[in-house]
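Input: a single structure, listed below in structure tokens.
Naming: A, B, ... by sequence-line order, numbering from 1 per chain.
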Amino acid sequence: MRVFNTLSGKKEDFHPLEPGGVRMYVCGVTVYDYCHVGHARSTVVFDVISRYLKYRGYNVVMVRNFTDIDDKIIKRAKEEGVSWEEIARRYTEEYYRDMDALGVSRADYEPRATEHINEMIEMIEGLIKKGYAYVVDGNVYFEVNKFKDYGKLSKRSKEEMLAGARVEVDERKKNPLDFALWKASKEGEPAWPSPWGPGRPGWHIECSVMSMKHLGETFDIHGGGADLIFPHHENEIAQSEAYTGKPFVRYWIHNGFITVSKEKMSKSLGNFFTIREVLKQFDPEVLRAFLLSTHYRSPVEFSYEHLLETEASVDRFYTTVMRTEQYLEHIKEDQPDTEDKQMEETIERLRERFEEAMDDDFNTALALGHIYEFLRELNRFLDRRPQGKKTVALLKRALEVLKDVTSVLNLFQRTPYQWQVSLLEKKGIGLTVEEIEEKIRQRQEARKRRDWGLADSIRDELQRKGIILEDTRFRTLWRVKLSTEAR
RNA sequence: GGCGGCGUACCCAAGCGGCUAAGGGAGAGGUCUGCAAAACCUCCAUUCGCCGGUUCGAAUCCGGCCGCCGCCUCCA
């Protein structure tokens, strides 16, 4: 297995510290607002990475944190006139609603910063004792000049960073690059007692403390969005390695951004779409598939049109499954088997190709390509109207492998019927399943009488409402009409 | 200004020195069908931003140029 490591800047063979076990930490969100599609990408990407590692037989321990105290939360609370705890509680809940919908599974540990204040104080004291940090007016800063390797992750020297000139001015710091481990609280701000007076932790310290607590001083994978490389992850390395004297993380993995008109989607630019908004019009599976149809390190351009294209792909998957299942209901087992050597091979090759793609730095886009290609081969096989006992086993095997492989992506795990019912709602069709089926019954009557005029008018009527009918040899199926053109 | 990334067909997208440049969407024609739909078949990049170089051989490596983006400040 090959993994791109931000630290080395290249793909490396993946070997966890302990064979058979992987310990990974992923930076979660600051809970002060609804999550947007950018948050969804990071969360889904690392969800898939964790799932694939498990599929590969590793015993994975995954930690994903919540930052539940920070300036943005305090600001939001002030604006709304509620406590910061209320803001954090509310948006943690909303986070779960969105991510559950997207099929993201819970991490083994999901620690919150405020539950680890004591451990943070302990670590900060240790850093002061070792001479890596200093106290000024109730604030504690990490002294960057004391840590030789500072800049090794983001690949820049301290000099270069200072030349960048956009560094904040804070007279109390020895060096503008020094960062806060502990911030003195002002009157009325949330505060915890500490040896340096009432205050709250800086942002970076929480991840060092919580990862160390659950995963040890050195662990395998640390992930997050590429915007965390500097300064967040750089600072985590500095404080952690200064504290323990040991390497902090072996593989740093960072996902690329979601863009809108080529620009990074972000709160500050205001060009973001919340997950909530997207899910009003699209099944969560469409968003998940969309996020996985590009390699995780590449930028993804977000647009309504692209979501429609993904929707068509997901529909194609379920349509093929529906067709296969229906075919299996009517296949004749007592007839001689259809020649099927090619198909047998194709099925087994799907798994190989899937693993090959995922082994190469979690290439979900390639993996999905193989899956869609397989659908074509499966359809082609069905077009030959294969018969016999062995064919039944073969088709069942095809569905099984398909389900198995896609479960790693946590896509396509529902029934085609569930998918269609969901579309009925998302596309605002305004018909119930019962109403559609009643129309189909009426049309079947007309067709029996060879009353094509009536049959066609019923079909046209449904079509106008967004329902497409398919007359198969066995029965009439309905599907929600999809369009890849923007409405 | 410093550092990093990207530029593959109408759109999205894989590709990391060597079979005919994956796959999806759109489009054109065909098979099937009462007619449709779905599915399948055929067509749709002699070419990978541009210009040079290395090599028997490059979309893939090197150099230059053009264009776009990101990080250097909170940010997934």
**OP:** For A:Asp359 and B:C16, give me the distance from atom CG to atom P, rounded to whole Å.
**Re:**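 So the two atoms are 15 Å apart, to the nearest Å.
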
Subject >> Distance, rounded to the nearest Å, where A:Leu292 contributes CG and B:G23 contributes C1' >> reply: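 Whole-Å distance recorded here is 15 Å.
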
**OP:** Please determine, for the side chain of A:Ser42, which listed nucleotide (B:A76, B:A37, B:C74) has the closest atom?
**Re:**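 Among the listed nucleotides, the one closest to the side chain of A:Ser42 is B:A76.
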
Subject >> Nucleotide nearest A:His39 (side chain, heavy atoms from C-beta), chosen from B:A38, B:C74, B:A76 >> reply: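 Out of B:A38, B:C74, B:A76, the nucleotide with an atom closest to A:His39's side chain is B:A76.
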
**OP:** Check the angle between the aromatic planes of A:Phe302 and A:Phe290 and answer parallel, tilted or perpendicular using the 30° and 60° thresholds.
**Re:**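 A:Phe302 and A:Phe290: perpendicular rings.
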
Original post:
Side chains of A:Gln444 and A:Arg447: is there a donor and an acceptor less than 3.5 Å apart?
Top reply: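 The answer is yes; a qualifying pair exists.
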
**OP:** Using distance alone, with no hydrogens and no angle criterion, decide if A:Glu236 and A:His232 have a side-chain donor and acceptor under 3.5 Å apart.
**Re:**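 Short answer, yes.
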
Can you tell me the base-pairing partner of [N]? Count Watson-Crick or G-U wobble geometry only, both distances below 3.5 Å, and say none if there is no partner.
{"N": "B:G17", "value": "none"}
{"N": "B:C65", "value": "B:G49"}
{"N": "B:C40", "value": "B:G30"}
{"N": "B:C10", "value": "B:G25"}
{"N": "B:C35", "value": "none"}
{"N": "B:A59", "value": "none"}
{"N": "B:C71", "value": "B:G2"}

**OP:** Kindly write out the residues that satisfy side-chain hydrogen bond (donor to acceptor under 3.5 Å, both in side chains) with A:His36, not counting sequence neighbours, or none if the list is empty.
**Re:**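 None.
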
**OP:** Tell me, please, which residues at least two apart from A:Gln442 pass side-chain hydrogen bond (donor to acceptor under 3.5 Å, both in side chains).
**Re:**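 By the side-chain hydrogen bond (donor to acceptor under 3.5 Å, both in side chains) rule, A:Gln442 matches A:Glu438.
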
Subject >> Closest approach of A:Ala101 to A:Pro284 (non-hydrogen atoms, all atoms of both residues) >> reply: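 The answer is O-CB, 3.1 Å.
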
Subject >> First encountered from the 5' end of RNA chain B, between A:Gly224 and A:Glu470 >> reply: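 In this pair, the answer is A:Glu470.
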
Original post:
Got a salt bridge between A:Glu345 and A:Lys341, using NZ or NE/NH1/NH2 to carboxylate O under 4.0 Å?
Top reply: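 No, no charged N to carboxylate O under 4.0 Å.
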
Original post:
Under 4.0 Å between a Lys/Arg side-chain N and an Asp/Glu carboxylate O for A:Arg76 and A:Glu80?
Top reply: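 Yes, this pair counts.
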
Original post:
Phosphate oxygens OP1/OP2 of B:C71: is one of them under 4.0 Å from a side-chain N or O of A:Lys264?
Top reply: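 Answer yes for this pair, as a side-chain N or O of A:Lys264 is under 4.0 Å from OP1 or OP2.
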
If you restrict it to nitrogen or oxygen atoms, what contacts under 3.5 Å exist between nucleotides 40-44 of chain B and the protein, and what is each distance?
residue : atom : partner  : partner atom : Å
B:C40   : O4'  : A:Asp383 : OD2          : 2.7
B:C41   : OP1  : A:Arg380 : NE           : 3.0
B:C41   : OP1  : A:Arg380 : NH2          : 2.4

Name the pairs: protein N/O against N/O of nucleotides 12-15 of chain B, kept only if under 3.5 Å.
residue : atom : partner  : partner atom : Å
B:A14   : OP1  : A:His295 : N            : 3.1
B:A14   : O3'  : A:Asn363 : ND2          : 2.9
B:G15   : OP1  : A:Asn363 : ND2          : 2.4

Check nucleotides 29-34 of chain B against the protein and report each pair of N or O atoms closer than 3.5 Å, with its distance, or say if there are none.
residue : atom : partner  : partner atom : Å
B:G34   : O6   : A:Arg443 : NH2          : 3.4
B:G34   : O6   : A:Arg447 : NE           : 3.3
B:G34   : N1   : A:Asp456 : OD1          : 3.0
B:G34   : N2   : A:Asp456 : OD1          : 3.3
B:G34   : N2   : A:Asp456 : OD2          : 2.7

**OP:** Decide if the gap between the ring center of A:Phe179 and the ring center of A:Tyr141 is smaller than 6.0 angstrom.
**Re:**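 No: the rings miss the under 6.0 Å criterion.
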
Original post:
Is the centre of the A:Phe46 ring less than 6.0 Å from the centre of the A:Phe362 ring?
Top reply: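 Distance test on ring centres: not under 6.0 Å, no.
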
**OP:** Output all residues satisfying salt bridge (charged side-chain N to carboxylate O under 4.0 Å, His left out) with A:Lys72, sequence neighbours left out; order by chain, then residue number.
**Re:**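 A:Asp70.
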
